[in-house]
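Below is one structure, written out as structure tokens; comments come after it.
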Number of protein chains: 2
Amino acid sequence: MGDNSTSDIIINKSATSHIGAVDFENLSFGNTFTDHMLVCDFRNGAWEKPVIKPYEPFLIDPSAKVFHYGQAIFEGMKAYKDTNDDVWLFRPEENFDRFNKSAERLAMPSVPEEVFIGGMKKLIEIEKEWVKKGLGNSLYIRPFMIAIGSGVIAAPSTQYRFMIILSPARSYYSGEVKVIIAEHYSRAANGGIGAAKAAGNYSAQFYPTKLANEMGYQQIIWTDDATHTKLEEAGTMNVFFRINDTLYTAPVSERILDGVTRKSIIELAARENIKVEVRPVLVSELIEAADNGSLKEIFGAGTAAVINPIVGFSYQDKYHELPKLENSMALELKEKLTNIQYKVAEDTFGWTVKI
Amino acid sequence: MGDNSTSDIIINKSATSHIGAVDFENLSFGNTFTDHMLVCDFRNGAWEKPVIKPYEPFLIDPSAKVFHYGQAIFEGMKAYKDTNDDVWLFRPEENFDRFNKSAERLAMPSVPEEVFIGGMKKLIEIEKEWVKKGLGNSLYIRPFMIAIGSGVIAAPSTQYRFMIILSPARSYYSGEVKVIIAEHYSRAANGGIGAAKAAGNYSAQFYPTKLANEMGYQQIIWTDDATHTKLEEAGTMNVFFRINDTLYTAPVSERILDGVTRKSIIELAARENIKVEVRPVLVSELIEAADNGSLKEIFGAGTAAVINPIVGFSYQDKYHELPKLENSMALELKEKLTNIQYKVAEDTFGWTVKI
Ligand SMILES: Cc1ncc(COP(=O)(O)O)c(C=O)c1O
Ligand SMILES: Cc1ncc(COP(=O)(O)O)c(C=O)c1O
């Protein structure tokens, strides 16, 4: 299992490619998929042979458990092409481990490494043309697993499907991001599934996010559901707060996703002698720091946008604008991190893995 | 919309029926489906015409939002056949209302009444042979809605599919039910989606329930996630506690599903002069009542089992056995309620609706 051997993958190539019809300059995130996908089914207690085949809709029973009981987990990663046309993954073992932690929490079987990483490498090798060179260009990788067993009784499925689909992406610029701090709604419970990358966690966020959007905010910073006093994470990003010259971020917990970007930023900041404190960050601290001018930056960290600077936040109907800085830590860390991902700077951490 | 008109349903009948192959004496819950299903798609901001057609798998894109972001809700109801061969629904308006509340919380479109109730009636009319007479026999009805729009960006879908599938059911006897009271895991957050019948809520329960099963308990009674001091509900049932001659049940909240069986029991108990107090019930009260002998009964209430008596519970590694009673309120209420559902007793509430 350890060698990510791909000899056991059945490959069924598409007769044609639609790459010529894709406008790579104008990609909207997550809407275009490559020619092939990986499919691997779990039945009778075992994983069957993974298959790489043309990307296409598949048949599923109306009573499949994923539709009724939400057994569905996913990962989000990216592949980058360097100037030598080599393609690189970023810390894939982290996503693999997190995927299987999510699987355990949702009572789903764990996926073997040779399927998750081995299959991913093989699939990307086949789709190499879809990874474009140049900072900001990437191939977004979406491994996911769903319960395909049928039956409307609330119990775990015995049949699952693991898939990997790929979507070419441009640099993710979402405009100026203003956030609102959650005072009523929540994304995760103590003892719940917030730390899993489970589909159900996202559906919980859409309605409150829609309300926030209507008020002019793009995202919500979630707080702990019991007291709404601790700052936790945003929709699909962990969050960092810079007060004076220190970065603060919440510790990961049962309620918070253990983000790969977050942990990479913490390590990168240490190397760059930027002080990071990982501890619960209170809403009251944030307000105090905003009021006394020591709050310099807030930024989100996640695979899609890497680092997403936030220009201001609202709490209890009051909007707090953040200063416009010359020397933003967010932008500095983003540049350093993407330079590693694109092999422009040396990867002193050993994070990048060649395909 | 108010007249549940079904004139606009496209009906596409199956050439054959597999009813002859079904062993109605040995049905396992939720695994056998009738010949037809109802399908109604939402596209371009509107619901298309509902279609009744043969039950069969359907094609869906691997990037459909239901797989990635969990937009999926459902309902659970039953149809009963009386001795005159008439088929009856039980309080269908309640499920219809709750379905659209779930839809709102998950940022999904609301389903029109003529599709949900009108379509359901038409479908059951076609499948009338599948509803068997006799106490305990019923046709389980599963309306559900999933996000079928494609794209791996975490935002609500613009395309949805509403479906109704039907499964013949026998009386639901799950053996002696012992429960464990949740001390660590939770099913719902304050400000979360616990009050919605959302697929994601169920996937959160499977792993802790598996742990409970391994310890010899069939179900978990969930407590509030912040303090684990308040008794809330079980897997797919609300719960009632009888202390001396009073029934106690938690008020519905953001964390608790507003069960139709629960609310019917409360109304029925009032008619029968059984005292019911709807208020938070503390774990500490339960233990005290178990210790001093005033705890007489615990039972779950939900559509599948109607009322499910619980024989004992575990808390902090101590097992508390419940007394075996001659005059169980659970059994009395169950009989009264099922007699209304099967039209054996007069429906003084106007709960039953003829198809
Ligand atoms: C809820 C949530 N938090 C944080 C993140 C960031 O994690 P990562 O840096 O591994 O992409 C994500 C994923 O994108 C997420 O979905
Ligand atoms: C979480 C939960 N609680 C309670 C119930 C009981 O609700 P009802 O009586 O409407 O079936 C259900 C549904 O079956 C449920 O899924």
Side-chain angles (χ1 to χ4, degrees), chain A residues 28-31 33 37 55 57-63 66-72 74 76 104-107 140 142 144 146 150-156 163 165 167 182 184-193 198-208 210 225-228 235-236, chain B residues 29-31 33 37 55 57-63 66-72 74 76 104-107 140 142 144 146 150-156 163 165 167 182 184-193 198-210 225-228 235-236:
Chain A
S28 80
F29 188 84
N31 282 317
F33 296 93
M37 63 185 183
Y55 182 99
F58 60 94
L59 281 171
I60 187 166
D61 196 82
S63 76
V66 61
F67 297 143
H68 302 269
Y69 305 116
Q71 278 185 297
F74 68 98
E104 184 178 13
R105 183 61 183 83
L106 270 82
Y140 182 78
R142 172 58 59 94
F144 64 104
I146 55 175
S150 56
V152 291
I153 188 161
M163 300 181 83
I165 56 178
S167 176
H184 173 74
Y185 290 105
S186 313
R187 74 175 284 283
N190 295 298
I193 59 170
N201 288 151
Y202 298 83
S203 63
Q205 303 185 59
F206 290 163
Y207 177 72
K210 195 168 78 170
D225 80 301
T227 66
H228 295 295
T236 55
Chain B
F29 188 84
N31 282 317
F33 296 93
M37 62 185 184
Y55 183 99
F58 60 93
L59 281 171
I60 187 165
D61 196 82
S63 76
V66 60
F67 297 143
H68 302 269
Y69 305 115
Q71 277 185 298
F74 68 97
E104 184 179 11
R105 183 60 183 86
L106 271 81
Y140 181 79
R142 173 57 60 94
F144 65 103
I146 55 174
S150 56
V152 292
I153 189 162
M163 301 181 82
I165 56 178
S167 176
H184 173 75
Y185 290 106
S186 314
R187 74 174 284 283
N190 295 298
I193 58 171
N201 288 152
Y202 298 83
S203 63
Q205 303 185 58
F206 290 163
Y207 177 72
T209 303
K210 195 169 78 170
D225 80 301
T227 67
H228 295 295
T236 55

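Values in this document were obtained by computation on a predicted structure and should not be read as measured data. Every chain is numbered from 1, with letters handed out A, B, ... down the list of sequences.
Chosen from B/Ala154, B/Pro57, B/Ala107, the residue pairing most often with chain A at heavy-atom distances under 4.5 Å is B/Pro57. Comparing B/Ser167, B/Gly151, B/Ala198, B/Gly76 by how many heavy-atom pairs each has under 4.5 Å with chain A, the most go to B/Gly151. Chain B forms the most heavy-atom pairs under 4.5 Å with one residue out of A/His228, A/Arg142, A/Arg187, A/His184, and that residue is A/Arg142. Listed options A/Ala72, A/Ala226, A/Gly30 were ranked by heavy-atom pairs under 4.5 angstrom with chain B; first place goes to A/Gly30. The greatest number of non-hydrogen atom pairs below 4.5 Å with chain A, out of B/Thr209, B/Asn201, B/Leu106, B/Asn31, is found for B/Leu106. The residue among A/Phe206, A/Phe67, A/Tyr185 with the most heavy atom pairs within less than 4.5 Å of chain B is A/Phe206. When each of A/Ala189, A/Ala199, A/Ala204 is checked for heavy-atom pairs under 4.5 Å with chain B, A/Ala199 comes out on top. The greatest number of non-hydrogen atom pairs below 4.5 Å with chain A, out of B/Gln205, B/Met163, B/Glu104, is found for B/Glu104. Taking B/Gly200, B/Pro208, B/Ala155, B/Gly235 one by one and counting their heavy-atom pairs under 4.5 Å with chain A, the maximum is reached by B/Ala155.
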- Task: Check the pair A/Phe58, B/Phe58 against side-chain contact (heavy atoms from CB on, under 4.5 Å), reporting the backbone distance first and the verdict last.
- Result: CA-CA 8 Å; A/Phe58 60 94; B/Phe58 60 93; over 6 Å; no
- Message: Before you tell me yes or no, could you show the steps for B/Tyr207 and A/Ile193 under side-chain contact (heavy atoms from CB on, under 4.5 Å), namely the whole-Å CA-CA distance, both residues' side-chain angles and the distance that decides it to 0.1 Å?
- Response: CA-CA 10 Å; B/Tyr207 177 72; A/Ile193 59 170; over 6 Å; no
- Message: Under the criterion ring pair (Phe, Tyr, Trp, His ring centres under 6.0 Å), I'd like the reasoning laid out for A/Phe144 against B/His68: C-alpha separation, chi angles, the key distance, then a yes or no.
- Response: CA-CA 8 Å; A/Phe144 64 104; B/His68 302 269; 4.2 Å; yes
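Considering B/Thr227, B/Asp225, B/Asn190 as possible partners of A/Asn190, the one that fulfils the side chain to side chain contact (heavy atoms under 4.5 Å, CB included) test is B/Asp225.
A pairwise comparison of heavy atoms in A/Met37 and B/Pro62 identifies SD-CG, 3.7 Å as the closest pair. Counting all heavy atoms, side chain and backbone alike, A/Tyr55 lies closest to B/Asp61 at OH-OD2, 2.6 Å. Across all their heavy atoms, B/Val152 and A/Phe29 have their closest contact at O-CE2, 3.7 Å.
The part of B/Ser150 that comes within reach of chain A is its backbone (N, CA, C, O), which places non-hydrogen atoms under 4.5 angstrom from that chain. Only the side chain of B/Ile165 has a heavy atom closer than 4.5 Å to any heavy atom of chain A. Neither the backbone nor the side chain of B/Ala182 comes within less than 4.5 Å of any heavy atom in chain A. For B/Ile146, the part lying under 4.5 angstrom from a heavy atom of chain A is the side chain only. Heavy atoms closer than 4.5 Å to chain A are found in both the backbone and the side chain of B/Arg105. Only the backbone of B/Ala188 comes within contact range of chain A, with at least one heavy atom under 4.5 Å from a heavy atom of that chain.
No donor-acceptor pair under 3.5 Å is formed between the side chain of A/Ser186 and the backbone N or O of B/Gly192.
Taking the six-membered ring for Trp and the full ring otherwise, the centers of B/Tyr69 and A/Phe74 sit less than 6.0 Å from each other.
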